[in-house]
Amino acid sequence: AGWRHAEYPLSTLDLYTIAGEYWFNRYRAGYTIYAASIDSGPLIWSHRGQLDRYYADRSRISLIASNGEEVESLGNGFFAVNEVQTLTLTGQHWLSRRWALTWEVGQAWTTLYDKQRFRAGFTRQF
């Protein structure tokens with residue numbers, strides 16, 4: 001559970017979070033619910049679910065889906081509420097004790113825009 005409070009010159013933002021997860025065999029299922037409030041107004045809700053499959057120790061492939069409304073900063077303390085749905089497939093594949101290949105491919109559908117994303121890179125553990 002968490003709470004974040006941010007004050008800006010023209011407004012305030014509160015974000016409340018509750019998350020849970022369940023592990024079974026090599027799988028992890030997680031769920032997070034978010035509630036945001038701008039200037040103590042009505043709550044804006046969103047949900048995020050994630051299913052991970054672990055293999056070869058720390059390597060994993062994950063499917064992530066979200067649905068609801070999000071608060072987007074427009075700068076200078078102004079915010080927009082945007083309905084959003086996302087679907088993402090991501091992975092982290094350890095090549096050695098210190099190096100992993102990471103990638104992500106996803107799609108977001110919103111009332112303001114649609115966005116596709118692809119990311120690939122390496123992670124180094126120190």
Side-chain angles (χ1 to χ4, degrees):
W3 169 56
R4 179 177 177 252
H5 176 78
E7 293 187 17
Y8 301 93
L10 300 176
S11 60
T12 61
L13 175 68
D14 289 288
L15 177 64
Y16 307 94
T17 314
I18 297 175
E21 62 183 36
Y22 178 74
W23 289 81
F24 51 102
N25 297 322
R26 293 181 167 258
Y27 293 89
R28 175 194 163 273
Y31 174 75
T32 307
I33 188 166
Y34 303 91
S37 176
I38 302 168
D39 296 326
S40 300
L43 291 176
I44 300 159
W45 297 92
S46 60
H47 312 269
R48 180 180 189 265
Q50 180 169 339
L51 179 64
D52 304 313
R53 183 189 187 282
Y54 284 83
Y55 67 94
D57 194 21
R58 301 177 293 162
S59 297
R60 65 173 166 72
I61 295 176
S62 304
L63 180 63
I64 305 165
S66 65
N67 183 38
E69 295 179 309
E70 67 179 358
V71 177
E72 291 203 39
S73 174
L74 301 176
N76 296 325
F78 293 101
F79 299 97
V81 177
N82 189 16
E83 289 195 30
V84 64
Q85 294 177 331
T86 67
L87 189 59
T88 303
L89 187 63
T90 183
Q92 184 173 39
H93 312 284
W94 286 93
L95 306 171
S96 69
R97 286 187 45 208
R98 293 193 176 201
W99 288 95
L101 170 67
T102 59
W103 57 270
E104 174 182 317
V105 60
Q107 173 79 39
W109 300 272
T110 77
T111 51
L112 299 177
Y113 57 83
D114 288 348
K115 177 171 56 173
Q116 299 82 32
R117 65 182 169 273
F118 174 77
R119 176 185 59 83
F122 291 96
T123 298
R124 184 175 191 284
Q125 184 174 16
F126 293 95

In the structure I gave you, are the side-chain heavy atoms of R60 and T90 within less than 4.5 Å of one another anywhere? yes
State whether the side chain of S37 and the backbone N or O of G41 hold a donor-acceptor pair below 3.5 Å, judged by distance alone. yes
Side-chain donor-acceptor contact under 3.5 Å, R48 with T86: no
Side chain proximity check, W3 to H5, heavy atoms < 4.5 angstrom: yes
A side-chain contact here means heavy atoms from C-beta on lying under 4.5 Å apart; do W103 and H93 qualify? yes
Heavy-atom side-chain contact between T102 and R119 under 4.5 Å: yes
I need the minimum non-hydrogen distance between D114 and T110, along with the two atoms involved. OD1-N, 3.5 Å
Minimum-distance pair of heavy atoms, taken over all atoms of G121 and L101: O-CD1, 3.4 Å
Common cluster, L15/L43, ILVMFWY with side-chain heavy-atom separation under 4.5 Å: no
Does the plane of the ring in Y27 sit parallel, tilted or perpendicular to the ring in F24? Use 30° and 60° as the thresholds. parallel
Heavy-atom check, side chain of D57 versus side chain of W94, under 4.5 Å: no
For N82 and L112, indicate whether the former's side chain and the latter's backbone hold a donor-acceptor pair under 3.5 Å. yes
Criterion salt bridge (charged side-chain N to carboxylate O under 4.0 Å, His left out) against D52, the qualifying member of R26, R28, R58: R28
Please check if Y34 and I18 belong to a single hydrophobic cluster, counting links between Ile, Leu, Val, Met, Phe, Trp and Tyr side chain heavy atoms closer than 4.5 Å. no
Scan V81, D14, T12 and name whichever one has a side-chain contact (heavy atoms from CB on, under 4.5 Å) with I38. V81
Tell me whether the rings of Y31 and H47 are parallel (<30°), tilted (30 to 60°) or perpendicular (>60°). parallel
Validation row: T32, Q50 side chains within 4.5 angstrom (heavy atoms): no
R124 atom CZ, neighbour heavy-atom count above 12 within 6.0 Å: yes
